[in-house]
Amino acid sequence: MALTVLCLSFVIFLLLGVPVAFAIGLSCLATFAVEGLPFETAIQMMVSGMNVFSFLAIPFFIFSGELMLHGGIADKIVNFARSLVGHWKGGLGLANVVASTLFGGVSGSPVADTSAMGGVMIPIMKREGYSAGYAVNVTTHASLSGALMPTSHNMIIYAFAAQAASGMIDGHAIKGVSIGDLMFAGLVPVFWIMVCMLVAAYWQAVRYGYPKSVEGKSLLEKFPGWNAVLRTFVASVPGLLVILIILVCVMEGITTATEAAAIAVTYSLLLTVVIYRTMTRQNLVKSLAKASKTTGVILLLIGVSNMLRYQMAYLEIPDAIESALLTATTTPWLMLLYINIIQIILGIFLDMAAHILITTPLFLPLAIQMGVGPVQFGMMLLLNCALGLVHPPVGTVQFVGCAIGNISIGEATKTAWPYYLAIFIAITLVTYVPSFSTWLPSLITGHPVL
């Protein structure tokens with residue numbers, strides 16, 4: 001009865017358009033009432049879920065990304081990407097992919113990446129004869145790399161959700177997950193996602209003959225030379241250094257991830273206010289307001305998700321799901337396929353933070369039984385969650401891109417399949433080729449990373 005109330009009320013609230021955080025909280029409270037449990041326990045679970053020191057990294061990472069977004073860093077990255085690949089067929093689309101990937105590493109947020117790159121590139125691409133759908137899809141899908149970059153606050157959320165993970169894989173004991181390992185694990189998948197996106201963008205440009213402007217030309221008629229590439233790269237390096245600062249601080253044990261995030265904020269302020277002097281008082285206030293709002297939403301999701309985790313443990317839902325999947329199959333590759341399919345479906349309806357917090361305790365123990373470590377599973381989960389950001393009906397990133405491009409979600413989705421395919425390829429590689437996500441952190445740390 002309680003499980004029925006929990007699931008049914010959650011679905012009803014979502015269908016009524018209630019925000020995900022409130023839908024989770026209200027459905028949990030309804031279940032508490034049916035079970036006769038005290039509401040004080042629900043509030044205690046909610047507060048304890050948010051009262052975690054490592055979560056201080058979340059507002060710092062978000063604020064650093066907002067500073068980079070409003071501080072003019074995007075323009076310098078776009079100039080570098082355009083000088084590198086802007087002379088090829090569909091050059092603006094390819095430049096958009098490279099720039100979105102690089103800025104994703106700076107902002108750590110697909111939404112911020114789409115806002116920055118979309119605001120700059122989509123109007124230019126439309127003016128130069130690229131279709132609005134092409135411009136939007138290139139921007140939104142390439143921006144998903146921000147979810148796997150070292151500056152991603154979603155990695156902090158996953159590390160918290162996976163802290164109770166334990167088990168044995170190939171003789172190695174598993175206990176939680178290292179944030180440093182996660183930061184390095186995302187770099188190789190991000191590179192190959194960018195390559196797949198470049199192939200998809202180039203293929204569509206050739207097929208549809210982009211650009212279709214009156215002159216039939218891109219902004220760059222020919223390669224500007226390596227001197228121009230070097231010059232624009234040097235101009236973009238200060239902004240990109242924030243990625244290196246975070247990785248070095250965490251890898252060398254100089255700081256914790258939280259302290260590294262605070263350093264990233266300080267560096268971003270120095271860069272945009274003192275060095276570039278591109279940060280205005282209005283944009284600084286806007287960055288603070290947006291970071292505060294986003295942090296509030298995420299912490300609320302964390303609180304109600306902890307309440308939901310308590311409820312699921314009380315109802316023994318993880319054990320029931322594990323038993324059902326093990327009854328369906330005990331073949332590792334098929335089990336991982338089932339987990340990915342379920343995550344892709346859930347990603348259609350859940351926001352990224354909620355998705356991570358709800359599904360990690362459900363599927364990570366099962367993945368460890370199948371020989372998949374928490375780092376590899378984290379990359380699987382983040383990619384599945386990222387795919388949900390560009391798929392309706394939730395599709396936050398796609399909504400932002402379509403608003404900038406002034407087209408409907410349906411129109412953009414019609415031509416999005418090559419980019420979906422690129423993400424599916426990345427998910428498949430991470431799932432079935434462990435070294436795809438674990439090789440680099442293992443090489444850097446000098447110990448096996450699973």
Side-chain angles (χ1 to χ4, degrees), residues 21 47-69 103-113 145-165 176-187 190 239-272 287-303 305-306 351-357 360 374-375 378-379 381-382 385-386 441 445:
V47 173
S48 64
M50 294 184 287
N51 190 23
V52 178
F53 175 77
S54 59
F55 283 164
L56 281 175
I58 294 175
F60 286 136
F61 275 134
I62 294 172
F63 186 36
S64 175
E66 290 295 328
L67 289 171
M68 292 292 190
L69 170 61
F103 191 77
V106 173
S107 69
S109 167
V111 175
D113 192 355
S145 60
L148 278 72
M149 284 294 200
T151 50
S152 172
H153 62 269
N154 291 299
M155 285 189 178
I156 307 296
I157 296 173
Y158 170 72
F160 166 76
Q163 64 182 351
V177 61
S178 164
I179 295 176
D181 291 343
L182 284 174
M183 289 179 174
F184 285 106
L187 296 179
V190 162
L240 298 174
L241 272 179
V242 69
I243 307 172
L244 185 62
I245 290 172
I246 293 171
L247 288 175
V248 170
C249 286
V250 175
M251 177 185 67
E252 296 296 331
I254 300 171
T255 67
T256 64
T258 302
E259 293 161 345
I263 292 173
V265 170
T266 304
Y267 177 77
S268 300
L269 282 169
L270 287 173
L271 186 63
T272 56
S287 299
L288 282 165
K290 184 64 185 297
S292 300
K293 179 181 177 181
T294 304
T295 300
V297 171
I298 291 175
L299 288 179
L300 177 61
L301 274 168
I302 290 172
S305 295
N306 198 55
D351 185 77
M352 192 163 187
H355 189 166
I356 294 170
L357 291 163
T360 298
V375 171
M379 294 301 106
L381 177 59
L382 289 172
C385 293
T445 60

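All values below were derived from every heavy atom in this structure, side-chain atoms included, with hydrogens, water molecules and symmetry-related copies excluded.
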Spacing of [X] atom [atom1] and [Y] atom [atom2] [to the nearest 0.5 Å]:
X: N154; Y: I58; atom1: CG; atom2: CD1; value: 8.5 Å
X: H153; Y: I157; atom1: NE2; atom2: CD1; value: 5.0 Å
X: M379; Y: L187; atom1: CE; atom2: CG; value: 9.0 Å
X: T360; Y: L381; atom1: OG1; atom2: CG; value: 4.5 Å
X: L247; Y: F184; atom1: CG; atom2: CZ; value: 4.5 Å

Under 4.5 Å between any side-chain heavy atoms of [X] and [Y], yes or no?
X: L241; Y: L271; result: no
X: L357; Y: N306; result: no
X: L269; Y: T266; result: no
X: M155; Y: I179; result: no

Taking side-chain contact (heavy atoms from CB on, under 4.5 Å) as the definition, give me every residue that meets it alongside [X], ordered by chain and number, with sequence neighbours left out.
X: A264; value: S64, V242, I246
X: A291; value: I62, F63, E66
X: Q163; value: F160
X: V248; value: L244, E252, I254

On a heavy-atom basis, which atom in [X] and which in [Y] lie closest, and how many Å separate them?
X: Y158; Y: P374; answer: OH-O, 2.5 Å
X: G146; Y: P110; answer: C-CD, 4.2 Å
X: L382; Y: A147; answer: CD1-O, 3.9 Å
X: V375; Y: A185; answer: CG1-CB, 3.5 Å
X: P150; Y: F61; answer: O-CZ, 3.8 Å
X: A159; Y: L182; answer: CB-CD1, 4.2 Å

Please name all residues satisfying ring pair (Phe, Tyr, Trp, His ring centres under 6.0 Å) with Y267, sequence neighbours left out, ordered by chain then number.
none
Tell me every residue that passes side chain to side chain donor-acceptor pair (under 3.5 Å) with S152, counting only those two or more places apart in sequence or in another chain.
none
